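Report on the following structure.
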Amino acid sequence: MSEVRFPGIPTTGDGSEAAVWVETHVSQAGIAYPITPSTNMGYGFQVAVANGRTNLWGEPLMFLEPESEHSAGSAAEGFALAGGRVSSFTASQGLVLQKEELHVISGKRLPMVFHVGARALTSQALNIHAGHDDVYAVADTGWGILFAANAQEVADMALIARRASEAALVPFIVAQDGFLVTHTVENFRLPEPELMKEFVGDPKEKLTSMFDPEHPVLSGPVENQDSYMKGRIAQRAFYARVVPALEEAFELYCKLTGRCYDFVEPYRLEDAEYAVVATGSMIGTIQAVVDHLREKGEKVGALYVRSFRPFPGARIVDALKHTKAFAVLERTDEPLAESNPMLREIKAAFADATDGYPGFPKLKVDRLPTFYGGAAGLGGRDVRPADVIATFEHMIEGNKDRRYFALNIKHPLALEPKEDPDITEPGTFRLRGYSVGGYGSVTTNKVIASVTADLFGLYVQAFPKYGSEKKGLPTNYYLWVAEEPVRVRAELRYVEMVAINDPRALQYTNPLVGLAEGGAIWLQSRHTDPEEIWATVPKYARELIREHGYRLYAIDTIKIAQEVATRPDLVQRMQGIVLLGSYLKIAPFFERAKISEEELWERIEKVIRKYFGKRGEQVVQDNMTAIRRGYSELIEVPAEVIAREPKEVVA
């Protein structure tokens, strides 16, 4: 990184923040109607406007929230027709509602970038979580489509798509998985303002207004039989520019930043006999599984398809042609189609290759790999390493009669994993939390991740289990801390610490499943006497604690929040932030770090201001007091108390 001009500014944040960082620097306007999970992107742009921010060329930013996503598309069209550089943020039904406009925008050759928090479409039920139904639904509109697997790629694809869009006069979508990327906090590098200014360029010098009365242009007329087809086919000249424009943007971005991208990215495919193909956030999990199976001697690999439009058929064939079989995992299901969308296109690409189509590797029909297709992660369903292992095993065992399957559900079509191994790198610290929606635990998890990365220079991933119905109901959150980038993006089964904000979790589930030997349990308790704390723990949990040598800690977050919060509406939400102080005492990182306690609190306050500064100084100080008390008032139940049964079980 030190050898390149623009290595990036280290930070922690989510995919939404990455998109906002780029677009508030390079765009002139943001136009959006809020829809989960893209809302934070539009909100972030709107906050920049409210704060009087300007873009890199000193122009005041503009934001418009019309009455629907369709109107947002229309307004973006109008802004681009006037020669402006515009962004929009949408998802799911909102993107599909814009489809009419997407055709018009591409047909009028208007460059722009839309950010999509890819989300399942409402089908048998409404769902607000990750799916690629929405992106596939607009794949025929003439837009370029790039997928981003993490926050880093969101920021980088936003710039690459913008440069390619304006070079080819083709609009682009940058898609990131809803919640799994839009709301997951992790380490990444912000593109420097100087880089963005150089790489994208001044919109006034690159874009043309079609509303200039001195140079009038006819756009979007009515065309009949004599003209329409000629204009439609003539647009192929613009689409012929897209691949060269992306190639140039990828190459230049690599040279400037050291972060190199391509249409497809093979992973350990050189001698692979079996491969899994995917796009979006699940690719990291797949790559981690490939490494795990390689250690066992299996010749497996992965292929990340970053560009869905233009579809890189020849590149995919070239990467996979030597394999015995490969499976394409997709976050959608189209039962009436020949196959799901990406597998359908890949099959067509292999058909072109066997037919000798120009530009494709030449293949013989008798040397084709076996094609498998799987549905995985629909509606945010977890995609676990065990599911990917089951996919590889299914191919290796030669189950050619069962070419289509589903993952991680109970169904006749589903593959049943034989094992669920822990494939995490040694030295990784993982936390699984049990809380109640509205307690502030999800935000606390993000703050803990930011503090850990900032203080200790470690890689983090804070992954919340959001839900439209979660307020007041049980919820989970997950934290990874590691010395290397965290690749697996899945709910945590194996952990070193369990945080139980909601003591009822000990009644309705077993929170201690997967807790490492000697692991830590953090428990919300109104008791201060270790004997009484121990007496509140159910018998099954007491037996597990003794058997595995778990450490038990407790603190009354409710009492602290009631005493600290100066605003009644913050009492409930402030319960969660107490955990940060306790975490710093339980986790091993502070002991390893060579910083004073004074510096610790100074740097924590910096992160707290990032999250709560907009609520005022008093809220910042209230949170700091709660964190300090979480650190100083934490109670550890002594080993001698754990060794014996309580005299009386306390409710």
Side-chain angles (χ1 to χ4, degrees), residues 149-150 180 184 186 267-269 272-278 280-304 325-327 329 372 374-377 380-399 405-411 414-433 459-461 463 465 476 478-498 509-520 544 547-550:
N150 50 51
L180 297 173
T184 295
E186 56 194 322
Y267 186 77
R268 305 190 75 168
L269 268 180
E273 296 178 350
Y274 302 94
V276 170
V277 183
S281 62
M282 76 169 75
I283 193 65
T285 304
I286 295 168
Q287 291 172 348
V289 168
V290 166
D291 289 345
H292 171 73
L293 293 178
R294 281 275 178 173
E295 291 176 1
K296 293 187 170 186
E298 300 289 358
K299 290 185 176 182
V300 297
L303 184 66
Y304 175 17
F326 62 83
L329 301 184
Y372 293 85
R381 187 78 175 182
D382 206 20
V383 181
R384 302 192 55 73
D387 302 315
V388 182
I389 292 172
T391 300
F392 277 115
E393 289 176 344
H394 186 67
M395 291 187 285
I396 292 170
E397 291 167 2
N399 295 293
F405 55 85
L407 295 178
N408 197 20
I409 59 171
K410 296 292 184 182
H411 190 274
L415 300 184
E416 189 70 34
K418 298 174 184 175
E419 58 173 342
D420 191 5
D422 183 359
I423 66 171
T424 308
E425 293 294 326
T428 301
F429 182 88
R430 295 156 294 182
L431 180 152
R432 183 176 65 236
Y459 290 94
V460 297
Q461 184 193 102
F463 169 52
K465 195 169 183 179
N476 296 100
Y478 309 94
L479 173 70
W480 302 68
V481 182
E483 295 180 357
E484 299 294 332
V486 180
R487 293 186 295 174
V488 175
R489 204 167 290 244
E491 297 173 17
L492 283 168
R493 176 177 176 83
Y494 303 103
V495 295
E496 284 64 44
M497 178 176 172
V498 170
T509 189
N510 177 8
L512 310 186
V513 169
L515 182 59
E517 295 289 323
L544 289 172
E547 179 184 350
H548 297 283
Y550 297 149

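Worth saying up front: this structure is predicted, and the values here are computed from it rather than measured.
Using a 4.5 Å cut-off on side-chain heavy atoms (C-beta onward), Val488 and Pro385 make contact. Side chains of Ile423 and Val289 form a contact here, defined as non-hydrogen atoms less than 4.5 Å apart. Glu491 is listed as a side-chain neighbour of Phe463, based on a closest heavy-atom distance under 4.5 Å.
Here the closest heavy-atom approach between residue Ala275 and residue Met395 is recorded as O-CE, 3.3 Å. Residues Glu393 and Lys418 approach most closely at OE1-CD, 3.7 Å, considering heavy atoms. Taking every heavy atom of both residues into account, Leu492 and Leu431 meet most closely at CD1-O, 3.5 Å. The nearest pair of heavy atoms linking Ala376 to Leu407 is CB-CD1, 3.8 Å. Considering all non-hydrogen atoms of both residues, Glu496 and Ala516 come closest at OE2-CB, 4.1 Å. Taking all atoms of both residues into account, the shortest heavy-atom contact from Val290 to Val300 is CG1-O, 3.5 Å.
Leu293 contributes atom CG, which lies 5.5 Å from atom CD1 of Ile389 (distance to the nearest 0.5 angstrom). Here the OG1 atom belonging to Thr428 is positioned 9.0 Å from the CD atom belonging to Glu484, to the nearest 0.5 angstrom. For the atom pair CG (Leu544) and CG (Leu515), the distance works out to 9.5 Å, reported to the nearest 0.5 Å. To the nearest 0.5 Å, atoms CZ (Arg294) and NZ (Lys299) are separated by 8.0 Å. Atoms CZ and OG1, from Phe326 and Thr391 in turn, are 14.0 Å apart once rounded to the nearest 0.5 Å. For the atom pair CD1 of Ile409 and CZ of Arg381, the computed distance is 7.0 Å after rounding to the nearest 0.5 Å.
The ring pair (Phe, Tyr, Trp, His ring centres under 6.0 Å) search around His548 returns Tyr550, not counting sequence neighbours. Applying the ring pair (Phe, Tyr, Trp, His ring centres under 6.0 Å) test to Tyr372 and every residue at least two apart in sequence or in another chain returns His394. For Glu295, the salt bridge (Lys or Arg N to Asp or Glu O under 4.0 Å) criterion is met by no residue, not counting sequence neighbours.
Side chain of Arg268 to backbone of Ala302: no donor-acceptor contact under 3.5 angstrom is found. Checked by atom type and distance alone, the side chain of Glu425 never pairs as donor or acceptor with a backbone atom of Glu483 at under 3.5 Å. At distances below 3.5 Å, not a single donor-acceptor pair connects side-chain atoms of Arg384 with backbone N or O atoms of Ala490.
Put simply, the residue from Asn150, Asp382, Val383 that forms a side-chain contact (heavy atoms from CB on, under 4.5 Å) with Arg489 is Asn150. Checking Ile283, Asp291, Ile286 one by one against Tyr267, the side-chain contact (heavy atoms from CB on, under 4.5 Å) holds for a single residue, Asp291.
A salt bridge links Glu416 to Lys410: one of the charged nitrogens lies within less than 4.0 Å of a carboxylate oxygen. Look at Arg430 and Asp422 and you find a salt bridge, because one of the NZ, NE, NH1 or NH2 atoms lies within 4.0 Å of a carboxylate O, short of that distance.
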